[in-house]
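Let me begin by presenting the structure, written as structure tokens, before commenting on it.
Naming: A, B, ... by sequence-line order, numbering from 1 per chain. No hydrogens, no waters, no symmetry mates; every other heavy atom, side chains included, goes into these values.
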Protein chains: 2
Amino acid sequence: MSEATILIVEDEPAIMDMIALTLDHANFDTIAAESAHQAHVAVIDQKPDLILLDWMLPGGSGIELARRLKRDDLTADIPIIMLTAKTSEDNKVQGLNAGVDDYVTKPFSPRELVARIKAVIRRSGGSELDKPLEVFDLRLDPASHQVTIEDQSVEIGPTEFRLLKFFMSHQEKVFSRDNIQDQVWGANVYLDERTIDVHIRRLRQALTSTENSGTNYSKLIQTVRGVGYRFSVKPS
Amino acid sequence: MSEATILIVEDEPAIMDMIALTLDHANFDTIAAESAHQAHVAVIDQKPDLILLDWMLPGGSGIELARRLKRDDLTADIPIIMLTAKTSEDNKVQGLNAGVDDYVTKPFSPRELVARIKAVIRRSGGSELDKPLEVFDLRLDPASHQVTIEDQSVEIGPTEFRLLKFFMSHQEKVFSRDNIQDQVWGANVYLDERTIDVHIRRLRQALTSTENSGTNYSKLIQTVRGVGYRFSVKPS
DNA sequence: CGCTGCCTGTCATGATTTTGTCATATACTG
DNA sequence: CAGTATATGACAAAATCATGACAGGCAGCG
């Protein structure tokens, strides 16, 4: 299995090829994008684990893209490594403000690139993504792939697990069914809209099932009429 | 309300009909164009939200049109989906270079087409206009799609939500009923004028309903006799 | 292989909410 | 006080959602 999927955003074909080859050799999957726009599409479509972003994109939109991605909840936790020709401190400051995770200055050795990528992935992926999510006594642990309420294990299917995980890591925000579909099932999967409803129901059912004392956790999943669903701690 | 307006550029009547029917069924408005020229006119005239463009147009290529639209600032951010018979990678590369947003290769299922359209629209519309709006202790948060008064959630229907959002982002200004209709319901929707009154009432009711201390937020929505309504912080 | 049980996506149906319109009451203007 | 303009309550149609049932896919197992 590949280590991870890396999106490379680079307009210069020669450099692109070089990087792609390097990463390929290091057992990463790569996606290529030549412009900020293409990159944005690829991010949403394929959810790379990391983005290698050239600072100097035509139209100067590299930093713009980074900022946009970091501002959006759905893409904020994808680490970004900037490729830059300049060593100027100015750039670094600007970049860090945009939420970039690391820098590689050209020219760089393949070895350095791979090392930095691994480091960033270790840093972000290792700690963040597998951290257990908790809301009151509801607990979802990605590592053990288990959901518990008051330490009582909850029966839950794979899809409902992913759904709950998505909700718990994006609380207090509405999502349209289309959105949920993209995030939980993946893009280019075509589902009937009502199917989402059914899975919501199954999830609610699972959260209710445990004969727990008092609190009904299914209330955390609120339906927003005409829009979609929301996971919220506040009572509606 | 329709999801969005789609311009279909396709010279084959049979395919055109099929697509139009499909989109119609999915609650999109459609505009038809049989040639690149017609299409260009339609784009400027009616500002569609998305363009479905056939690769193979008689006498002039669809790709030419795509390139032209993407080059012009005024039309550059209208997403384009190409319809193509070939699966060849060549085309995709050429298309992406022209700034096309996605591809659908014939033959395609109606469901796939709709899904891709929605995906593209979602992607492009993702600009951050989602900052919460606040007036005193009245708060409207587009992200969570919630209205609160003193942190107490307010029961409010979808239309009243849109109405309030409109008012809160256009304070201290009178709007005629026609204006409000265009902004909240969308143009080319016919409503009885009195219907606006009813929704205003419902909104006021919602803002009053919470048994809150003192301030009555329904007073923010003021009637301007003979003209329309105004959202104003200043007491009238 | 064939059987069994679980997971999934889809459908049909009934419940609930939302919405546009009317008819009537009330408020404002000159 | 007459003449409009707006507010309000009621209502039926339409939109949207929850739910139960069901069939195909798939893995595990005898």
Interatomic distance where [atom1] belongs to [X] and [atom2] belongs to [N] [whole Å]:
X        : N      : atom1 : atom2 : result
A:Asp197 : C:dA12 : CG    : P     : 15 Å
A:Ile200 : D:dT16 : CD1   : P     : 17 Å
A:Gln205 : D:dC17 : CD    : P     : 19 Å
B:Ile221 : D:dA7  : CD1   : C1'   : 14 Å
A:Ile180 : C:dT8  : CD1   : P     : 16 Å
A:Arg201 : C:dC11 : CZ    : P     : 16 Å
B:Glu155 : C:dT19 : CD    : P     : 13 Å
B:Leu203 : D:dT6  : CG    : P     : 17 Å

**Message:** Is it the case that the side chain of B:Thr148 and the backbone of B:Ser153 share a donor-acceptor pair, with hydrogens and angles ignored and the cut-off at 3.5 Å?
**Reply:**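 Checked: no pair found.
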**Prompt:** Are any side-chain N or O atoms of B:Thr195 and backbone N or O atoms of B:Leu191, one a donor and one an acceptor, separated by less than 3.5 Å?
**Reply:**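 Not confirmed, B:Thr195 side chain does not pair with B:Leu191 backbone.
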**Prompt:** So, B:Phe231 versus B:Phe166, ring centres under 6.0 angstrom or not?
**Reply:** no
**Fill in**
Protein-proximity profile, nucleotides 21-30 of chain C, B/S/- by nucleotide at the 4.0 Å heavy-atom cutoff, equals BB-----BS-
**Asked** For A:Lys234, does the NZ atom have more than 12 heavy-atom neighbours from other residues, nucleotides or ligands under 6.0 Å away?
**Response** no
**Request:** Tell me what B:Phe161 touches on the nucleic acid: a base, only sugar-phosphate, or nothing, going by heavy atoms under 4.0 Å.
**Result:** nothing
Does [X] place a side-chain N or O at less than 4.0 Å from the phosphate oxygens OP1/OP2 of [N]?
X        : N      : result
A:Trp185 : C:dG9  : yes
A:Arg177 : D:dT16 : no
A:Tyr229 : D:dT16 : no
B:Thr223 : D:dT6  : no

**Message:** Just by distance, no angles: are the side chains of B:Asn216 and B:Ser218 close enough, under 3.5 Å, to form a donor-acceptor pair?
**Reply:**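 Yes, a side-chain donor-acceptor pair sits under 3.5 Å.
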**Message:** Is a donor from one side chain sitting under 3.5 angstrom from an acceptor on the other, for B:Thr223 and B:Arg204?
**Reply:**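 Distance-only check passes for B:Thr223 and B:Arg204.
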**Request:** Identify whether the distance between the nearest side-chain nitrogen and carboxylate oxygen of A:Asp197 and A:Arg177 falls below 4.0 Å.
**Result:** yes
